[in-house]
Every structure is written in structure tokens, then in C-alpha cells.
Amino acid sequence: MNLSRSSMWFVAPAVFLMFILLIAPVFVAAILSFTDYSLGNPDFNWVGFKNYAAMAKYSAYKKMFSASLLYVIIVVPVSVLLGLGAAMLISSLRFGGEAYKAIFFLPVMATLLAMAIVWEFTLDPIVGVVNAYLTRGCDVGWWYQFISGAWYGADPTTSWYGNGCNEGFPLWIGDKDYALFTIAFIGVWQAFGFNMVLYLAGLTSIPRELYAAAAMDGADSAWERFKLVTWPMLGPTHVFVITITSIRSFQVFDTVEALTRGGPSKSTYMMVYAMYEKGIQQNLVGIGAAITVVFLVFVLALTLTQVYFVNRKVHYS
Amino acid sequence: MASIRLESITKAFGRTQVLNGIDLDIADGEFLTLVGPSGCGKSTLLRIIAGLEKQSGGDVNIDGKTVNDIRPSRRDLAMVFQSYALYPHLTVRQNLATPLQLRDMTFTERLPIIGRLAPGYSGKRAAIRDAVKNVSDTLQIEHLLDRKPGQLSGGQRQRIALGRAMVRDPAGFLMDEPLSNLDAALRVHMRAELSALHRSLGTTFVYVTHDQAEALTMSDRMAVMMDGEILQLGEPDEVYQQPMDIRVARFVGSPQINIVTGDMDDDGRIAFLGVKLARRPSDGTTGRISIGLRPEHLYLHPHTPGKTFCGELVYKENLGSEVFLYIKVADTEDNIIIRVNPTEAQSIALGDETHIAHEPGKALIFNDQGRRITLAGSPLGEDAA
């Protein structure tokens with residue numbers, strides 16, 4: 001056995017495991033997406049692109065795509081900007097930064113499923129504290145005036161708050177106009193602590209001398225220094241944070257499963273939940289696999305875009 | 001053009017006192033070097049002049065005006081940093097233009113697209129372009145203008161940093177160890193270039209370094225700092241030849257000055273290693289004394305009692321044009337270093353016993369506090385031995 005042959009034997013186990021554990025499942029899912037296989041059946045039929053055609057045809061899947069995209073479009077920018085803002089505020093503190101870090105990081109550490117249950121109670125239209133306090137606020141004159149806009153002359157009853165006082169406040173996760181935004185709010189609440197930690201790491205890696213140079217060059221306001229130094233120097237961090245947050249947002253499942261189960265009227269029917277519902281609950285493995293493949297394409301496209309187009313611009317050396 | 005005057009500047013970080021009352025007058029157009037070991041407070045002092053750091057006490061005056069509460073950018077000083085601190089996402093051209101854009105263009109004019117509509121935009125734009133061109137001509141960096149700092153070598157980045165400082169035509173330059181990230185050959189080359197630049201600009205340079213060679217070669221005057229104080233301020237020659245403090249003597253000069261302890265006999269004559277000096281302290285000093293002898297003031301000499309001391313050659317450091325001999329002398333902690341020419345060096349071998357004499361008048365005497373002692377009958381500078 002010559003030397004080059006023996007090296008192949010050394011890498012073979014690793015390659016084999018990588019193929020079996022990481023690559024093969026994707027191929028299996030891709031193959032299953034062209035079948036009508038159900039778990040437990042002895043065999044299956046090839047159905048060609050029928051599963052994919054169904055996705056294009058039925059409105060439930062259209063709602064799935066729009067709900068997933070809307071969720072990502074809300075959660076990514078808001079949690080990224082909040083994370084950056086929190087990180088910059090914390091890094092400007094002389095003391096107490098550690099405490100803030102720990103507090104903002106709590107939702108990241110906590111199990112989202114367990115937290116979802118807490119949110120469910122909080123947002124419950126009857127026993128939940130949110131609506132209870134909103135309702136109680138209707139009787140507090142100055143608060144009502146302030147929040148309904150009456151203080152600058154608007155008609156309080158036409159405002160969102162005034163309307164709520166009269167007609168009742170939203171059901172939040174039970175209302176199809178509010179459910180997605182409520183889930184997205186919880187998503188932001190959960191995600192921004194993680195982004196904050198990543199940005200804190202990014203901020204510490206900015207050389208202090210650059211700020212000194214900016215101060216000498218005449219970047220006198222905080223905004224100028226942010227524009228000239230902080231924002232561009234965080235380039236690699238931005239790419240990483242946005243990629244990770246996008247992928248994690250596409251993957252949202254716990255809150256949907258615990259709070260809305262895709263409803264009301266499919267307004268929160270997100271992709272991973274749809275996979276679960278079709279593939280596991282209804283045992284329609286074929287269509288579940290097709291959703292998985294589309295999901296993977298989305299995530300892959302997102303990642304590749306960032307690698308090839310953005311990454312090139314933000315690594316300056 | 002600016003003169004800079006520091007009046008009893010103090011600085012403390014928490015309980016750590018970094019600067020203890022620095023007084024310094026920097027003349028208009030002068031090249032002044034602040035030199036000292038790391039941690040002596042020289043960079044902090046420079047940052048206080050720049051306005052990047054607020055002093056705990058004392059005043060900074062530029063051209064007679066107190067600038068304590070004036071922003072760094074309004075002090076009309078430019079700074080060159082050790083790490084160059086170029087903006088890595090901007091091209092060299094943009095890096096050079098940034099200080100001018102921030103100073104001369106309003107917020108609206110600097111906005112992308114909308115800025116073009118502002119009156120005076122194109123005129124300012126052209127002025128900045130000309131200024132960038134002038135500076136890049138002077139420094140010969142035109143061919144680098146469209147590259148980013150990451151694509152440049154250390155020496156090129158150094159030039160760009162210099163250019164960014166020059167482009168505003170400031171009244172003074174502050175330089176914080178600008179050459180210390182360069183390789184040895186380039187550093188020597190840049191010393192000459194910086195000196196030439198200083199001469200052609202005629203502007204005040206305040207230069208911070210830990211390298212005594214840079215201080216000796218470039219400055220009009222150098223201030224040796226240690227432990228938050230200026231130990232000695234003077235022209236390089238003066239500081240080298242007449243150090244007023246044993247710490248200055250040790251810091252300035254490479255290889256280091258030889259320090260040996262000496263005795264004083266009953267009638268006040270100084271003796272070390274069996275050698276007696278002819279002159280006595282002018283001021284009845286007693287106690288332990290130290291004698292400083294520069295390597296170039298020692299030479300090999302046939303054994304002469306009362307004039308030479310002896311030791312064993314342990315190491316030869318050959319620099320080509322000259323050779324430093326490291327000689328182990330009984331009763332001294334460090335080896336004595338002497339400078340000889342290569343022919344002389346060939347005449348002795350490692351392990352040989354050698355006899356050394358010193359040039360009369362060159363011994364520097366320090367008392368037990370490390371202060372310089374003058375010797376009787378000789379003005380400072382002609383200590384006869």
C-alpha cells in the first residue's frame with residue numbers, strides 16, 4: 001500500500017460519517033419529496049413534482065411563505081438593531097455592564113417552549129396581565145389622554161387605544177391580524193440578547209486608536225464616529241449576526257407550536273411548523289419533505305448571498 | 001505654526017499617578033521628542049496635548065491660548081498613531097480626504113447624492129481633491145490612492161498615516177511611536193525622511209518614542225521621561241554627554257553606559273576598581289557614589305597600577321565597523337562593555353585577561369540619590385579624572 005492510498009484510509013471514517021450523518025439526510029428528504037410515502041407503508045409511488053405543485057397551488061402554502069417571510073423581515077432588522085443598540089449602550093457603561101448582559105441574555109438561555117407558556121398566560125385576553133392593565137388604564141385620566149393622543153387634540157375614541165377601551169383590546173395570539181406580530185415580538189424578545197452578545201464581542205475588537213484618529217480628524221459627534229468607525233468596523237459582525245438571525249428566524253417553531261399552532265386562519269403558519277404538521281402529525285412525509293427542501297433552498301440561498309456578496313466587502317484586509 | 005506650553009500637568013488614573021506636574025515649553029517649529037521606557041507617561045502626555053485625554057490638573061496652551069476645554073479636532077493638531085489607525089474600509093484617497101471633509105464640509109454636503117445639490121459643494125470638493133493631490137505628490141503615494149489600507153505594506157501605511165496628518169496643514173504634529181511597527185532598515189530610512197519632512201514643513205513636531213536612538217537622531221530637543229516626570233530636557237548631544245541623572249545616563253546610549261560603584265577616601269578622592277580620579281567633588285558629597293563610563297570612553301591599555309582595572313573577556317559583539325567587548329570584572333554586577341575597532345578586537349581572545357583604562361575627563365559621577373556630582377575645578381562638561 002503506498003502512502004497516498006493509506007491517507008485515504010485515514011480520512012475514510014470521517015468522510016463516511018459526514019456523508020451518513022450530514023449529507024445523506026438531505027438527499028433522503030429530497031428523494032422523499034418526489035414520493036407519496038407515509039411512515040409505516042411498505043412502499044411508495046413516485047409522484048414527480050406533485051408535492052411542489054401543491055405548494056404553488058394551495059393558499060395554505062402561500063400563507064406559509066408569506067408568514068415565514070414577514071416574520072423574518074420583522075424579526076431580523078429589529079433584533080439586529082436592538083442588539084447593536086444594547087451592545088453599544090452596555091459597552092459605554094463604566095460599571096453594571098455585566099448585570100445588563102446577564103439580564104438581556106436571560107431569554108436566550110431560557111427554554112423558548114417554557115417561555116412561550118409564560119407568554120401565553122401574559123397575553124391571555126381574559127386572565128392575562130397585558131389586557132388587564134390596558135383595560136385598567138382606560139380609567140386613568142392622564143394616561144388615557146397621553147396614550148390615546150388626546151393631549152395634542154386628536155379624538156381619543158378614534159385612536160387605537162381609545163378604540164380598545166370601548167370595543168375591547170385585541171386577543172393577540174387569538175386574532176389573525178395580531179398573531180404574527182405577537183409571535184414576532186416574542187421572537188425579537190428572545191433573539192436580541194444573542195445578537196447583543198455578538199455585537200459586544202465585535203465592539204471590543206475595534207481598535208481604540210481608530211476612535212482617537214476620528215476625534216483628531218474632526219468626527220466630533222457620536223453619530224459621526226459611529227458612521228466613520230463603529231458601523232464599518234462591525235462589518236464582519238453584521239454579516240454573521242444577520243445570517244444567524246435570519247436562519248434562526250426561518251426556523252421558528254416553539255412559539256408557534258405552543259401558542260398558535262399555525263392559526264388563527266393560518267396567519268402564523270410558519271415553514272418549520274408546516275413541516276412538522278404535514279410530515280409528523282398528518283404523516284404526509286412527501287409534502288413535508290418538499291417543504292423541507294424549499295426551506296433548505298431558502299436558507300442556503302440566504303447564506304450563499306452573504307458569503308459571496310457581503311463577506312467580500314466587509315473583510316478589509 | 002504653534003508653540004505649545006504645558007503648565008504643571010498632572011494625570012491620575014484612579015489612584016495611579018501617571019504624570020506628576022509636567023512643565024514643558026515647545027517652541028514654534030521645534031522637533032521635540034518625549035522619550036522614556038514604556039509606562040513612563042509619555043504617550044499619556046501626548047494624548048493630553050492632543051485633547052484625547054483630559055488632564056487631572058494643569059493647563060495646555062497652544063499659541064498662548066488655553067485649550068483645556070477645546071476638542072481635539074479644534075486644536076489644529078494632527079496625530080500619527082503607532083498602529084497608523086487608518087480607516088480600513090476606505091481607500092487611501094478617502095482616508096486622506098476624511099479630515100478635510102469633516103472640517104470643511106457641512107453635514108448636508110457630506111450626505112451621499114443630496115450633498116451634491118448643496119451650494120459650494122463642487123468648489124469644496126475640488127479644493128479637497130487638490131489638497132489630497134498635493135500631499136500624495138509630496139509623499140509619493142499617488143500610485144496607492146485607490147487601494148485600501150489592507151493591501152499596503154507597513155511602510156506604505158505609515159506614509160498614508162503621515163499624509164492624513166499633513167493634509168489639513170496643521171499647526172503641529174503629534175506622533176506616537178510612528179516607526180515602532182516598521183522593520184529595522186525601514187525605521188532608519190524613515191528617521192531621515194521625517195527629519196527632512198520636518199525641515200521642509202517647518203512645523204512643530206512632538207514625537208513620542210521609547211527608542212533613544214530615534215530621539216538622538218531626529219530631535220532638536222529631547223525630554224527624557226521616567227515615572228511621570230521629565231528628568232532632563234535638552235539637545236540630544238547635551239543629554240547624551242551630560243546626563244544629570246543616573247537614570248538618564250542608563251537610558252540614553254546603546255550599548256548602555258557602564259555603571260560601577262566607587263569609594264571616596266578620607267580626603268575626598270574618588271576611587272573605583274583600583275583607579276583613582278584626580279579631581280574631587282566640589283560640594284563635600286560623601287557616601288556611596290556611582291561612576292558612569294560610556295563604552296567609547298574605555299580602551300584597552302597595558303597594565304598600569306592606579307590607572308587601569310582588569311577583567312576577563314567573555315563576549316565579543318562584532319558590528320563590522322566596531323566591536324563591543326564584554327568584560328567580566330570582579331566586584332561588578334554587570335559586564336563592562338568597551339568599544340574597540342576590529343583590529344584591536346582581533347588581538348585578544350575570549351577568556352583573556354584584559355586591562356582597561358578610561359579617557360580622562362569622561363567619567364560621570366552620581367551621588368547615592370542618582371544625581372550628577374560636579375567635580376572641583378572643572379565646570380560641568382570637563383570633569384577631569
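Every chain is numbered from 1 and lettered A, B, ... according to where its sequence line falls, protein lines coming before strand lines. Since the model is a prediction, treat every value here as computed from it, not as a measurement.
Looking at A78(B), the atoms closer than 4.5 Å to chain A (heavy atoms on both sides) all sit in the backbone: N, CA, C or O. L152(B) does not touch chain A: none of its heavy atoms, backbone or side chain, sits under 4.5 Å away.
A cation-pi contact, defined as under 6.0 Å to the ring centre and within 45° of the axis, links K11(B) to F13(B).
For R125(B), there are no salt bridge (charged side-chain N to carboxylate O under 4.0 Å, His left out) partners, not counting sequence neighbours. With sequence neighbours excluded, the residues satisfying salt bridge (charged side-chain N to carboxylate O under 4.0 Å, His left out) with R5(B) are E7(B), D25(B).
Per-residue heavy-atom pair counts under 4.5 Å with chain A were compared for R47(B), R71(B), R74(B), and the maximum is reached by R71(B).
For the side chain to side chain contact (heavy atoms under 4.5 Å, CB included) with M166(B), the lone residue among V80(B), L197(B), T203(B) that qualifies is L197(B).
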